[in-house]
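Written below as structure tokens is the structure these notes are about.
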Amino acid sequence: MRAVLQRVSQARVRIDGETVGEIGRGLVVLLGIAPSDTPEQAEWLADKIVGLRVFEDDDGKMNRDLIEVGGGVLIVSQFTLYGDCRKGRRPSFIEAAPPAVAIPLYAAFIDAVRARGVPAATGRFGAMMQVELVNEGPVTLIVDSK
């Protein structure tokens, strides 16, 4: 699993003009899933992301995690994180999991985040989405479960 995290002051996902997921302060997680990924990796990634100390403390140092700041997570499936652009001009997505594999792992990741006490909003798997966010910092990180 591969995740791109962005620390945000607010974010939302819209589909056909309707807001389907929204958070205030927290993290936007763009989540890519590979065919070989497992439910154990979803648990590991959720634990890693919830525990990352990327929010500032009173001294301005990144020393607080999502739970400490009362933050939420907006989780958006993003198969393009496994796009291979090394050859030609059109990305290849053969390293991304097909929906039959990806959907249950996407759901497992969402459940794992929520089980850790963090509110999680989502997009809709496979939909054309508009993701709006205000990146705070900016802080953007990549976390890979492999």
Side-chain angles (χ1 to χ4, degrees), residues 1-56 62 64-146:
M1 292 184 151
R2 182 172 294 156
V4 173
L5 316 175
Q6 294 185 298
R7 186 178 73 182
V8 299
S9 56
Q10 62 184 9
R12 70 177 176 168
V13 175
R14 294 185 314 136
I15 299 173
D16 295 328
E18 175 190 350
T19 298
V20 297
E22 186 170 17
I23 63 168
R25 186 174 194 197
L27 295 173
V28 169
V29 176
L30 304 176
L31 183 68
I33 299 169
S36 61
D37 288 337
T38 65
E40 293 78 19
Q41 287 172 304
E43 288 285 337
W44 179 88
L45 190 61
D47 195 53
K48 174 63 81 174
I49 289 170
V50 169
L52 277 176
R53 298 183 317 170
V54 295
F55 296 92
E56 294 178 356
M62 286 198 284
R64 292 188 174 146
D65 64 25
L66 275 166
I67 293 172
E68 290 175 295
V69 300
V73 178
L74 178 60
I75 304 165
V76 178
S77 63
Q78 181 124 17
F79 76 94
T80 60
L81 293 179
Y82 280 99
D84 184 350
C85 299
R86 292 176 289 181
K87 293 183 182 178
R89 301 216 180 248
R90 182 174 179 211
S92 168
F93 298 106
I94 60 172
E95 292 182 23
V101 173
I103 291 171
L105 290 172
Y106 174 66
F109 176 76
I110 294 164
D111 291 344
V113 168
R114 289 176 176 156
R116 286 158 175 78
V118 175
T122 67
R124 190 173 303 143
F125 191 95
M128 178 61 74
M129 296 174 271
Q130 292 78 46
V131 180
E132 301 172 7
L133 59 93
V134 178
N135 191 326
E136 188 177 85
V139 173
T140 303
L141 301 166
I142 300 170
V143 182
D144 202 316
S145 67
K146 296 197 184 327

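Because the structure is a prediction, the values reported are computed rather than measured.
When all heavy atoms of A120 and I75 are compared, the pair lying nearest together is CB-CD1, 4.0 Å. Smallest separation of non-hydrogen atoms from V13 and G123: CG1-CA, 4.0 Å. Here the closest heavy-atom approach between residue A3 and residue V29 is recorded as CB-CG1, 4.0 Å. Here the shortest heavy-atom pairing between L133 and Q6 reads CD2-OE1, 3.2 Å.
The side-chain contact (heavy atoms from CB on, under 4.5 Å) check on R116 picks up E43, A46, D47, V50, A112, with sequence neighbours excluded. Remark: A121 engages I23, L74 in a side-chain contact (heavy atoms from CB on, under 4.5 Å) (not counting sequence neighbours). Partners of P119 according to the side-chain contact (heavy atoms from CB on, under 4.5 Å) rule, which considers only residues two or more places apart in sequence or in another chain, do not exist here. Qualifying ring pair (Phe, Tyr, Trp, His ring centres under 6.0 Å) partners for F79, counting only residues two or more places apart in sequence or in other chains: F93. Every residue two or more places apart in sequence or in another chain that forms a side-chain hydrogen bond (donor to acceptor under 3.5 Å, both in side chains) with S145 is listed here: Q41. Applying the side-chain contact (heavy atoms from CB on, under 4.5 Å) test to V101 and every residue at least two apart in sequence or in another chain returns A97, P98, L105. For E18, the side-chain hydrogen bond (donor to acceptor under 3.5 Å, both in side chains) criterion is met by no residue, not counting sequence neighbours.
To the nearest 0.5 angstrom, M1 atom CE is 11.0 Å from D144 atom CG. Separating the CG atom in L5 from the CD1 atom in I49 is a distance of 4.5 Å, to the nearest 0.5 Å.
Among pairs with a residue in residues 24-46, none fulfils ring-ring contact (aromatic ring centres under 6.0 Å, His included), at least two apart in sequence or across chains. The stretch residues 118-132 participates, sequence neighbours left out, in these salt bridge (charged side-chain N to carboxylate O under 4.0 Å, His left out) pairs: R12-E132, R14-E132. Residue pairs meeting the salt bridge (charged side-chain N to carboxylate O under 4.0 Å, His left out) criterion with at least one member in residues 104-114, sequence neighbours excluded, do not occur. Under the ring-ring contact (aromatic ring centres under 6.0 Å, His included) criterion, the residue pairs touching residues 112-146 are Y106-F125, with sequence neighbours excluded. For residues 65-84, the pairs satisfying salt bridge (charged side-chain N to carboxylate O under 4.0 Å, His left out) are D84-R86, with sequence neighbours left out.
Without hydrogens or angle criteria, R64 side chain to F55 main chain gives no donor-acceptor distance under 3.5 Å. Here the side chain of R2 pairs a donor or acceptor atom with the backbone of L81 at under 3.5 angstrom.
Side-chain contact between E56 and R7: present, with at least one pair of heavy atoms (C-beta onward) separated by less than 4.5 Å. Within the 4.5 Å cutoff, the side chain of V139 has heavy atoms near those of the M62 side chain. Under the 4.5 Å side-chain criterion, counting only non-hydrogen atoms from C-beta, L30 is in contact with V76.
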